[in-house]
Structures are given as C-alpha cells and as structure tokens.
Amino acid sequence: MLNLNAIESGYGETQVLYGLSLEAQAGRVLAILGRNGAGKSTTLKAIMGLLPLKSGEILFEGKPMAGQPFGIAKSGIAYVPETRDIFPSLTVRENLEIAAKRFGGAGADWTMERVLDLFPRLGERMDNGGTQLSGGEQQMLAIARGLLMNPKLLILDEPTEGLAPIIVKLIHDKLQDLKAAGLSMIIVEQNFGFATSLADDVVIVGKGQIVWTGSANDIKADEDAQHTWLGV
Amino acid sequence: EDIKVGLLLPFSGVYAALGNEIEAGFNLALEQFGGETDATFEIVREDTEVKPPVALGKAKKMILQDDVDVIAGIVSSGVLGAVRDMVHGAGVPLIVANAGNDEATGADCSPFITRMSFSNSQVNRPMGMWMHEQGIGKVYTLAPDYAAGRQMIDAFTASFTAAGGEVVGQEFTPFQKTQDFGPYLAQAKASGADAVYVFYAGGEAISFVKQYDSFGLKAELPLYGSGFLTSPLYVNAEGPAAEGVITALHYVPTIDSPANAAFADAFEAANGRVPSEFAVQGYDAARALIEATKTGASDRASLANALRSVKFEGPRGPLSIDPSTNNVIQPIYVYETVAGEDSLTQKVLAQLSAEADPVNGCEMAPVSN
Amino acid sequence: MFRHNTLRYAVLVLLASAALFQAFTAEYFGLEILTEILILAMLVLALDIVAGFGGMVSLCHGALMGVGAYAYALLSTTAGIAPPVAMVGAVALTGAIAWAIGAICSRSHGIYFIMATLAFGQMAYSYVFEAPIFGGDDGLGGIARLDLSFVGIDLNDSRSFALFCLVVLGAIYGVSVLILRSGLGRSLTGVMHNEQRMRALGLTVWRVKADVFGLSGMIAGLAGVLAAQHIMYISPGLLSWTVSGEALVVVILGGLGTLVGPLVGAAAFVVLKHELSAVTTYWHLVVGVILIAVVMSRANGIFGWIEARWGDRIERRLSDTTRKPEAKEVLGDA
Amino acid sequence: MLETRNLDKSFGAVHVTRNVSLKLERGERRIILGPNGAGKTTLFNQLVGELTPDSGSVHLAGEDVTALPVAKRARRGLSRSYQKNTLFDGLTVEENLGLATAVHTGNATQLWSDSLAKPEVREIVNEVAEQVNLMPYIHAKVSEISYGVRRQLEVGVALATRPLVLLMDEPTSGVGPEMSKGFHDLLNNLPRDLTMLIIEHDMDLAFDVADTITVLNYGEVVFDGLPEAARGSKLLKDIYLGNWEDA
Amino acid sequence: MAHDLGFWTLQALNALQLSMLLFLLSIGLTVIFGLMHFVNLAHGSLYALGAYFAASLTAVGGYWMGFFLAPVVVAGIGILLYSGLIKRMRKSGPMAQVLVTFGLIFAMLDLTRIFWGDLALAIEVPALLDGRLAFLGVEYPTYRLFIIVMGLAIFGALAFVLGRTQIGAMIRAGVDNDAMAACLGINVERLFFMVFCFGCALAGLAGAVAAPLLSVTPDMGLQILIPTLIVIVIGGLGSLKGAVAGSLIYGFVQTFGAVLAPQLASVLIYALLAAVLVIKPVGLFPAKG
Ligand SMILES: Nc1ncnc2c1ncn2[C@@H]1O[C@H](COP(=O)(O)OP(=O)(O)OP(=O)(O)O)[C@@H](O)[C@H]1O
Ligand SMILES: Nc1ncnc2c1ncn2[C@@H]1O[C@H](COP(=O)(O)OP(=O)(O)OP(=O)(O)O)[C@@H](O)[C@H]1O
Ligand SMILES: [Mg+2]
Ligand SMILES: [Mg+2]
C-alpha cells in the first residue's frame, strides 16, 4: 500500500533520515518503534509531505505520492500527529467538522455521531475552544479527527500519550475493530505492549534507518532486539 | 555677474503640488524678464519634504557648501521658522514665496527675509470688514488647528468684530487628521450664524467644500473664507460644490489687467493649466530678484538690501515691499467661484486696497542707500 | 542572547573607520550626513534592544527621542539650566517616561504592543503639537550645543560635533552590549521566547520589561538631545509616528536583534535617502523597491544576509577547534 | 507544606474543580490520578497561580498564597513542569536550564554581569543536565531536539529552580521506556525532603514512587489514600483503570 | 449644550457613516492580518489605489463603472502582490512582513504620484445618490446613507460566510496551523490567496466609496492606516465582531469627541486605545485562540 524507498530527509541543514525504507501492506497494521529521537515522527512527517525529500521516493498504492500535504491527505491518508495540533481558534465541533471527509477507507464509516459515541467526553465539550480541552481530551479529539476523514491509511503518532488507561484500552479495542474491518494503519508508539498487541508487522528505527524488521510476534519474542533497540 | 540661487521648495510630501507650482512661476519669470538684467542665474534646487529639520539641513547646505547668494521658496511656515535663524545669522537674503506666518514679518523679522507672497492676517483682515459691509452679522468659523489656521481666523475675527459683527462659534479641527467634517458642519448649522467663514487648503479644502455642499448648507448658510479654499489649483476637483463660495485672496487668475493677462497666458501655454496664487508668488519672487539685480546688487548683503525696496507692477497689481516689515504690500481681491464655459472660474467682486501690516514687534535696521 | 563574533567585530571596525574617515575628510554637508547617521544609529540601537532582544516592537521611540529633544530644549532655553545638567535631566525624564510606558504596555504583545506604544507616542505628539509652551507647529529654535570649550573643543564646529556624536554612539554601543549580556539581558531574551515560563520560574516579568524599556528610552532620549543640539531647532514632526516607523524599518533593514546590523542599516538608509533625493523626488519608490528586495532575499536584513553567507565560513576558518558538534552526531546517543 | 482548602473553579457551565482540599506534608510524594479532563492540570494551574480559583485557598509552607502572582509563588519555592512543553524554543538546552537557575539564584536582573557565567549557575545547570540525561544535547537548540527529549528538558527546567515543592504534569508521557526507567532513578535520587505532586498516567511509575495517591473525577476528589488501597479500589478501576493490565 | 434632538441624530448618523467607512477598510485588513497573520501595512495604499482607480474610471465611464471596477482592479493588484511577494513572505516572521509592506507603501505612494500627479483629485457623487433624504427628522446626504447601508450589508454577508459556512472554519484552521490543515486535505495556499484578494477588493471598494466624499491624494493611504489599525486592535484581531465594534467605537468617539471635547479631539482616540489595551491586552473581541 505504502512504500518508502531509501528516503533521506530532515530539517533544513540537519539530516535525520538516512536511506530509510519500509513497506506498509494493505489491510495490515505496521508499528514503527524506536527510541526517543530515533526519527519515527520524522518518517511520518516525510510521508505526509511536511518535510522535503532529499532523495528516495514514496509510493502510495503503487503511484508516486502527490507533493503537497493537502494532496497527500486527499489521496486518502489521515495523520494524527504526536503534538495533536488541535486548532485553537476552532471549537471542538468545528475541529471535527472540517475533518469530516470520505476518502474511501475500508471498514468504518465514521460520522460525527459515531466518534462522539466513542469519546463521549468530547460531546460534553462541543462548543469549547479546541485548546481549552485537557491534554487527554485533545488526544481524543485528534484521533477522532483522523477517524472522521475515513481514510484508506490511518497514521497515528503516539496515540496513547497522556490518556488514562481506560481510554487506552478503549482505543485499543476500536483500532482492533478497524483492523478487523481491513483498514491499513501505521502506528508509532512508546507503549510497547499496546503497539505489539495491535500490529501485524513491526519495524524499528534507529538513527534514521531501519534496524530491525519482523512480525509483532517476532519482536515480542526477541528480547535481545527489544533491549538493544528499544531499551525495554 | 553670476548669481547663485537656492530654490528651497517641497517637491515631495503633502505640499509637492505647491512646490511645483511655485517653481513653474519662478522659471517663467526668469524666462520673461531675465533679459532685463545683466545678471545670470544659476539655480540649486532642494526638496524640503515639508519637514523643518530636513529643510534646515538643506538650507545649511546651500549656505555653507553651495555658497548661494540668495535663497527663494519656502512653502510651510514651520520650515520658515526653522531656517529663519540660519539665514539671518549667515546674512543670506531669503525671498519667501509662500509661507505666511505673521511673525516672519513681525517679531521674527529680519533684514534678510523679504516676503513676496502674503501674510496670514493680510489676506483675512480685509474680509472681516467687507463681510460686515455686506450685512452679515453673525459668523461661525472653522479652520485646521495649527498656527496658520489660527492666525488666519484670528485676523478675520479681529476685523469682523471691530466692524461690529459677532462670531457665534469657532472650531479648530485637528490638522491633517480630519477628513470627515460632518460633525463640525452640524455644529455650524446649529449655531445660528448667518454665514460660515473658514480657512482650509489642499485636500482638506476639497473635502470641506464638497461636504459642505452635500449637507445642503450652502443655501441657508453661505460659505465664505480665505481664498485658498477655492484656489484654482483645487477648484476643479471641488466641482459644482464650489459654486457661489465667496473668498478673498491676493491673486485671482481673472484679474483684468495687461500684466495679468500676459502672465496667465504664458503660464497656461507653458503648463497647460490656469495659474494659481502659488504660481504668481513664484513668478513675483523671481521678478523681485531680477529687479534687485537691476540696481547692481550681486552679493548677499547688497541683494538683501536691494530686495527690501523693490517695486513693480505684477499680475496682482502694484507691488511694493514695506521697509519696516519686509512684507509685500498688495491689493486683496474678493471673488466668487462661478461656473464658466467649461470649468469653474472666478468672478472678482471687489478689489480691496493695499494695506501694510502693522509692525507687530518687528525691529530692524532701515534700508541703507 | 547577544554574542560578538569575528564578523561582527570586523563590521564594527569597518564602520568606525569609515565614520572616522568621513569625519576628517568630509565637507560641511558630508559631516551633516554623518551626524545624522550617528544620531539615527543611537535611536535604532535603542529600538533594537527592546525589539530585537525583548520582542517589544515599539512605535513610540521616535516620540521618546522627541521628548528628549523637547525636554532639553525647554530646560536649556526657557528654564535656563546649564546644558550638561539639562542633558542629564532630559535623559532621565525620557527614561522615566519610557519606563512607565514599558510597565503599562507590559501585558500586551505583538501588534497590540506596537499599537499601545503608538498610542502613547501619538498622545505625546498631539500634546507637543497643541500645547503653547512647545511652540506648536512652528517648533522651537535657538537651542545651544554642549559647551566643551574648557577642554578646547568647540562643538559648534560641524566636525567636532560629528566626532562627539561618534564617541557618544560608541559609548552607547558598549553599554548596550553590557546590558544585553547581563543577567537582565538574558532574562529579557527568556521573556521574549516564553513569557509564561519565565513567570513560572519566578521572574517578575513586567519589571524586566519596564526596566529594559526605560534603559532603551534613555538612549532614545540622548539621541533626541543630540538631535536638538545638532539641528538647533526642533519641531513636533520629530515625535511623529513616521519617525518611529522609519527607525523600525532601519532596524529590520539592518538586521533585527544583531545590534551591529541596525548600525549598518542606519548608514545605508541615510546615505541612500540623500543620494536618491538628490537625483529624484520619487526616491521613496526606489527605497521601497530596495526594501522589498532585501526582504525577498529571505535574510534577516542586510547584516543577517551577510552573516548567513559569510559568518559561518569565517568563523569556521578562524576557530576550527570550538566548532559545535553537529546535530546528527548528537542524535540518538542518549 | 502545600495545602488547598475547598478550591473551586468553573469555566462557564463547566465545573472543573469541586471543593478540592489536599494536604501535602514536607517530603511527601503524592500522585494524582484521574480520567482525562478530570481537572488535574486545572488544579495545578490554580496551585501555581496561573488560574485564580473561584473560591477556596492555597497555602504554601503554612502561608496563604492565594492572592500571590505566579512569580512570587515561584520564588517561594513552588515549581512546576507543564503537560504541554513550555520551553524557550529558540534557545539551547543549556540556556533553558540557565534561565531557570538564574532567577532563583538572584542573577536574573543583574545589570552588568552575565548570569550563565556565574559558577553557582553553571554548577546547577550541569547537575540538572546530568540528572535528566540532557548532557549530550546541552548545546542543541530546543527546536532541534525530538519531542521525547523535550519532555525531559521540561522536567529539567522545573528542577533547576531547586524548589521546595515540585509539581509535575505527566513528566513521562512521550518518553520512551528507557528514559522512563531513568526517571524512576531520578526520583529516587532527588532529596527526600522535596515535596512532590505528580500527575501520571503510567501506573507502574505511579504505584512505584507514590507515598499517597489522590484520584480526581469530574473535578472532585474521589479517593485519597495509600497506593495499596488505591490498587484495590473498585471505583478507580471503574472510572480510570479499566482492565488496564491486559492492554 | 442646547442642541435639539435633530442635531444629535445628525451627529449619530455622521458617526455611523464614519464607522462604516472604517469598517469596510478594517475588515479586509483584519481578515488578512488576523486570519493569515500577515502584517499588510500596505492595506491603506490599496485603499488609495481604489480611490484613484475609481476617479480615473469615473472619468471614463461614470461613477458606477468606478464603483464596480475599482475593487476588481485592486483585487487584480492583490493577485500580483500575492504571487510576486506575499506568497513567499507568508511564513517569514512579522518583521520581514512589516519591512516588505513598508516598502510597498513607499513604492505605491510614489507610483500614484507618477501616474496621477501631486494634485488632489475628486469625483462627483452619482446622480442617483445625490441630494438628501429626510430621515428621522433630519435631512441627511443620500450618499452617506448609502455608505451606512452598504457597510451593514457587507457586515451581514461576511458574518454569514465566516460564521455559518465551512470556509470560515477552514481559514481559521489554516491560520492556526497550516501544516495540520493541509494534512486534513485543505488547500491552504489557495484559500489564503482568495482571502487576500478579497481583502484587497474590499480595500479598493472602500477607496472607491470614499472618493466622492473626500479628496483623493497620494498620502490618503498613509493617513487612513493608523485609524484602521486602531480599529482592528481595539476590536481584537481577526474577528468580524471586533472590526465592527472597533469601527463603531472609533466613529462615535471621533465624532462626539469633536463635538463635545474639541480640545481633546486628537488625543481622545489614542487615550481610548491605550486604555483598552491596558484593560484588555488583546482587544475587546479577539478571535479565539
Ligand atoms: N525541527 C527540527 N529541527 C532540527 N532537528 C530536528 C527537528 N525536529 C526533530 N529533529 C531531530 O530529528 C531527530 C528525530 O526526531 P523525531 O521527532 O523524528 O524522533 P522520534 O523518533 O519521533 O522521537 P520521540 O519518540 O521523542 O518523539 C531528533 O534527534 C531531533 O534532534
Ligand atoms: N479555559 C478553559 N475553558 C473551558 N474549559 C476548560 C478550560 N480549561 C480546561 N477546561 C476543561 O476543564 C476540564 C479539566 O481540564 P484539565 O486540563 O484540568 O484536565 P486533566 O485532568 O489535566 O486531563 P488530562 O489527563 O487529559 O490532561 C476539561 O474538561 C477541559 O475541557
Ligand atoms: Mg516522535
Ligand atoms: Mg492535564
């Protein structure tokens, strides 16, 4: 579904990714793991067109990706960034409404009602300003916004950060449902248990390159790799 | 004899149009009368930007570095105030071609400063008497809130009340910050006056006259003023709104005299527009300089001295310099703006006789012979 | 936080030499221009301190300069106080007013701060324009220069006055650098980057802002005093917002927050203006196009552009040992 | 050391803290748990003075500080870290820590001398940088370090003020397992008399370091007691933990 | 003051008229400024251009040609500015924007002088709107009433578009965080381009509307800049409500200040501005966030 071929990218002068390649397969969940600062978020930003590629290419459904972020989003990719990026000048409702799109994702047909069912907390705050929400509420909003786009590929950067355990479990279950329905996903997580119980495939990023590839079960078994690359 | 003339005028900023007009008049006079004298003239031109400090810097440059023999020009009174001490101290003759502040030929007068334009009270004082003679008893006045505005109105008020009239209301509007005169017009209307007397110039004059008309005040409350209000430079922009406005000034392009006809025709031929009072001021400034050189004066001291006693018949009529103030003595014309064949024109209603300003504290050595 | 580097020193030396050369060789008008540059340089230094290092972009520095000028003029002429004392008085008064403005505006940021300072500047302008003791539109003349004849210097001579201004500017520059490098200067930068956090760390933010604004105001006031002495005549136009606006343009043109840049900017702006206005009355157009061109070069002003091009290269060649470790070496070592 | 009495705060119709009374002894380490939006951060904001409570009072070291502004409370030894990074983005890690240190060592308003050059400042900066593992990044600008590293710096800046009472808002969120472990060590190495109030969603950490636990729900204190009691609490499981162990 | 009711009605209408003129101008600026975070100090110059084009077009094809075409021409200039300059400047800091738009002010000032000369121009009020209407017991110039009505109409239309349609939310989202907005599939660049052109057109319209009332001079753009900035700062950046409130406050303070406290007239509005910012450092009705 999504292929990164030897991409190099970074911030201005600072290069962060050094020939990173990976593949996310349709209908499967790929977890990207790695230490703080390894380049996980940078990889996601490169996918979304938020950072320029110095070299390499990114293919989505076999075709080269559109250059601009809005074009990339329109081809059916939803992105939930680690910094959440809720729009402060918009109310919770508006934050959700401008995201509501149908990009033909498999499985779910997310509507406003459905996401509010999932996160009732948001329903109670519909007319609050986006950044008046608590940290965790903002995280829910960011995820809800991603779901409402009904994408073909859902990219989540640390979706459980700052969430209460009960919500983490909830999200875990929902993502599991989505996976069952055939939605493709990429997840970056620090929560090892969460990531590996959801993912089919796992890659580990270290210093801007893929240093380990395998299945979720492989990494659960490979304590050595866990220790070397993740410091678990 | 080569005489170096510094032309100190605004060529940018709000008064750029006046600077251009004065320069055009100045050049025209050099062309027409330059042959009458043996002197030749070399012009150094500087832009004051209508900023007193800038103008002072330029004046200093002319005096200290370019070594000019005489300076002519100066549109704003602020600029004149700024350069006054400099030219006085350096002993460089200055022919003022516009700035009308009373002090320049009053308390701050100088044997080196000769004014060929007008003084603020000179153009407004006669109107006080004349309007009272026309049977107007109560007047409301308006002018921008700065030195010139206050002097013009004060001179009018003094002579109008001396003649027996009453000023029933007076307002000074923030200078160059007022674009909408609506609030003041409503005030004037409610004041119970028989007429309104104002001083406005340039863009403010255009806005004022048009807004005055749009409120329908002209019929019930005739508009009078200092003649700058309906200067030929702006009157076409004012359009029909200016019709019927009666004002007084030291020059009107329709003055019926051979000297004026010659000037107006030549000016129109050269510039494609009717000359304004500013043009004639530039014209007469150059004339005065030429007249002075005809006496043989050629350096700073002798030019200053000679300028103080020039006398000639110009487009505005007979002109002379009052030796006790160095201000020009000239007739004042009351005129009405009326519709002409294809544009607005000026109908002279009265020619008020030439009068010297009071000395106003001016003390200076008499002209030496 | 302010740092000198080789390039900055080099430019400083270059500027100082050029100024000295001009001071000793120029004719009358050349000296006038030099003095104009030096005084403008003082004003823009004052502005760069608050705007470039504290994020307080002020549109009242022109007015502050005017306050200094008028205070000096009134103290030395109307009140008849000796020039040196009048100078100190004028600078102190301007500083106090600036401190108060800084304190009052300390809660505003960005464009709101700009407009709040504009409001105070315009109030001062209107007051000076309309109050009778200030001479209104016609201004005040007859202002005396400082008398240094007891050390054998006649400031009424253009050359001496230009050199005097150069010395004062040098002193102001030195003091500015000291202030910016001090604890107060660092706190100011902290406030610019994150005011909320500075407060949470225990800093009384408004005091820091007011103090720095007051110091900057004193510099602006001194510039005003010297401007009054230079032209020996003052008018309300000195306080108009366009003077502040122009100063701001000069600071940005030179390079905001570089201290050296605004000096370059002042020289460039004044020279450009005079050269162009001698050629055409449409010099605004040319200046405008140049401003646009500078910005389009995507640099932090003229000096920022120089620094981006050559700063690093010079630095590296001169001091290979002190090179910072590059970010990618750091990456992932944790 | 730190006490609140009947703190109450609403935003319009939303009642975010209801009658919250807490009391921390000197040296106590208390963890605050609660669902998202329970009012934990809002409580912090009231403690440090960034928000004024509608009613109730805050006491620091026995003194009512409710009316004091943020900076004054900070100078009395109250320090906090933010849930959302609040750093000096254009400055380096060293400068970030330096600013924090300068204020409480009295160097922040000196007119002639550089605060960062002062030995007492340098010493604390280096010490804190070691404590939160930031030595490798010491000269990097904040805008150049990754999110997780910034989270560490966030804690570092709060620590560098050498507080009496330290409030930390989700200090380990976004930080990897390795660094989380480092955080345990850090807490264990901090002086025992430092009073701490920590908001956390990481249960391992919470139960590991807490002397006491407070649970907030809809702005109300619904549990206040020892970790063991919290572990067994049905209420906590219902509103907060869910069946967390199997996630 | 012993003035009758008619006098106060007249003054209130004057105040309203001034407010609406300022509103036309400030709404464009606040949209560009508050929504795009773009510091367009050249907005006043666009207003001046609007007036000049209206004057020229009126000479060719009568008032209504100027009225309708001048905003279009100014929007065209906006397109040029946007693609030539603004687009590249959008992400540079506010300081660079101040500088570049200051450069534009300088350049446009002289360009108008070169093309139209230093002399002031003026245009006549169209026959349709000439004269006065009896209204609430007073006679008021029809053209001024026209300005009031038009201001209110544009306010209504904008309130609808920005508040009730998705476009408003999309613009605000783009401003808050253009990268994230783009990640939601919003073409931020195109949106901003349209907003900018629309703001320019409104400035042109304001110029065209003001031209018959005032005189058209090269420095009219610079003169109006400060009042416009005061309006949007008092009201709070980026909000429609703020622009309206700011305009009304400015209009009424200016008008009644001139009547009731003429000595203070020029200081009053600045004192008010300072007071507002001391009490509410981000204006009265800032956009959220
Ligand atoms: N804006 C930036 N400018 C320069 N360098 C950056 C920038 N953002 C990140 N980096 C660098 O890029 C590297 C990778 O950062 P990235 O955010 O991708 O890490 P990550 O794997 O997502 O870590 P984390 O788990 O902490 O979020 C980091 O070492 C960081 O120093
Ligand atoms: N300024 C505000 N205006 C309106 N509501 C607000 C404001 N600030 C916070 N709230 C609301 O108050 C509630 C409590 O927020 P708070 O940030 O304290 O939660 P929290 O317990 O820290 O949650 P989390 O664990 O998700 O960070 C939230 O529901 C939030 O929406
Ligand atoms: Mg990351
Ligand atoms: Mg929180």
Side-chain angles (χ1 to χ4, degrees), chain A residues 44-45 47-51 66-104 127-133 138 141-142 144-157, chain E residues 30-38 87-88 90-93 158-195 232 235-243 282-283 285-289:
Chain A
L44 299 189
K45 287 181 202 160
I47 295 174
M48 289 312 294
L50 295 170
L51 294 174
Q68 298 281 328
F70 80 91
I72 293 172
K74 283 197 161 165
S75 61
I77 304 182
Y79 169 54
V80 180
E82 62 188 335
T83 40
R84 294 155 195 168
D85 295 318
I86 302 304
F87 303 112
S89 341
L90 273 59
T91 61
V92 171
R93 185 189 311 280
E94 287 171 325
N95 263 288
L96 290 170
E97 274 170 359
I98 61 164
K101 310 234 163 54
R102 232 159 287 282
F103 290 133
D127 295 313
N128 279 39
T131 40
Q132 289 174 346
L133 294 187
Q138 290 187 31
L141 179 54
R145 204 170 55 179
L147 294 176
L148 270 176
M149 287 175 73
N150 291 297
K152 295 182 198 159
L153 171 66
L154 179 61
I155 300 181
L156 300 152
D157 198 349
Chain E
T30 208
V31 165
I32 295 175
F33 203 124
L35 295 187
M36 294 171 57
H37 288 200
F38 186 82
K87 190 171 172 185
R88 272 178 263 178
R90 234 177 32 75
K91 296 209 181 73
S92 20
L158 284 176
F160 177 78
V161 172
L162 292 180
R164 294 288 157 80
T165 64
Q166 282 259 319
I167 295 183
M170 276 157 65
I171 296 171
R172 279 179 282 142
V175 170
D176 283 347
N177 188 334
D178 59 347
M180 191 60 221
C183 288
L184 296 180
I186 297 171
N187 190 342
V188 181
E189 275 307 322
R190 202 180 61 202
L191 204 57
F192 282 167
F193 173 68
M194 288 177 344
V195 169
I232 64 173
L237 288 188
S239 82
L240 191 63
K241 205 157 114 194
V282 288
F285 304 102
K288 270 172 270 163

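Sequence lines set the chain letters: A, B, ... in the order given, protein chains first and strands last, and positions in each chain run from 1.
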To the nearest 0.5 Å, what is the distance between [atom1] ([X]) and [atom2] ([Y])?
X        : Y        : atom1 : atom2 : answer
A:Ile98  : E:Ile186 : CD1   : CD1   : 4.0 Å
E:Arg172 : A:Asn95  : CZ    : CG    : 10.0 Å
E:Ile171 : A:Ser89  : CD1   : OG    : 11.5 Å

To check you understand the geometry: which heavy-atom pair defines the closest contact between [X] and [Y], and what is its length?
X        : Y        : result
E:Met180 : A:Pro81  : SD-CG, 3.6 Å
E:Ala182 : A:Ala73  : O-CB, 3.7 Å
A:Met149 : E:Leu184 : SD-CD2, 3.5 Å
E:Cys183 : A:Tyr79  : SG-CD2, 3.9 Å

>> Could you check whether atom NZ of E:Lys241 has more than 12 heavy atoms from other residues, nucleotides or ligands sitting under 6.0 Å from it?
In response: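 It does not: E:Lys241 NZ has 12 such atoms or fewer within range.
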> Pick from A:Pro69, A:Ala99, A:Gly49: which one has the most heavy-atom pairs with chain E under 4.5 Å?
Replying inline: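 Of the options given, most contacts go to A:Pro69.
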> Within the distance-only criterion (no hydrogens, no angle test), does the side chain of A:Lys74 pair as donor or acceptor with the backbone N or O of E:Asn187 below 3.5 angstrom?
Replying inline: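 Not confirmed, A:Lys74 side chain does not pair with E:Asn187 backbone.
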> At a heavy-atom separation under 4.5 Å, does A:Leu50 approach chain E through its side chain, its backbone, both, or neither?
Replying inline: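 Answer is side chain: those atoms of A:Leu50 sit under 4.5 Å from chain E.
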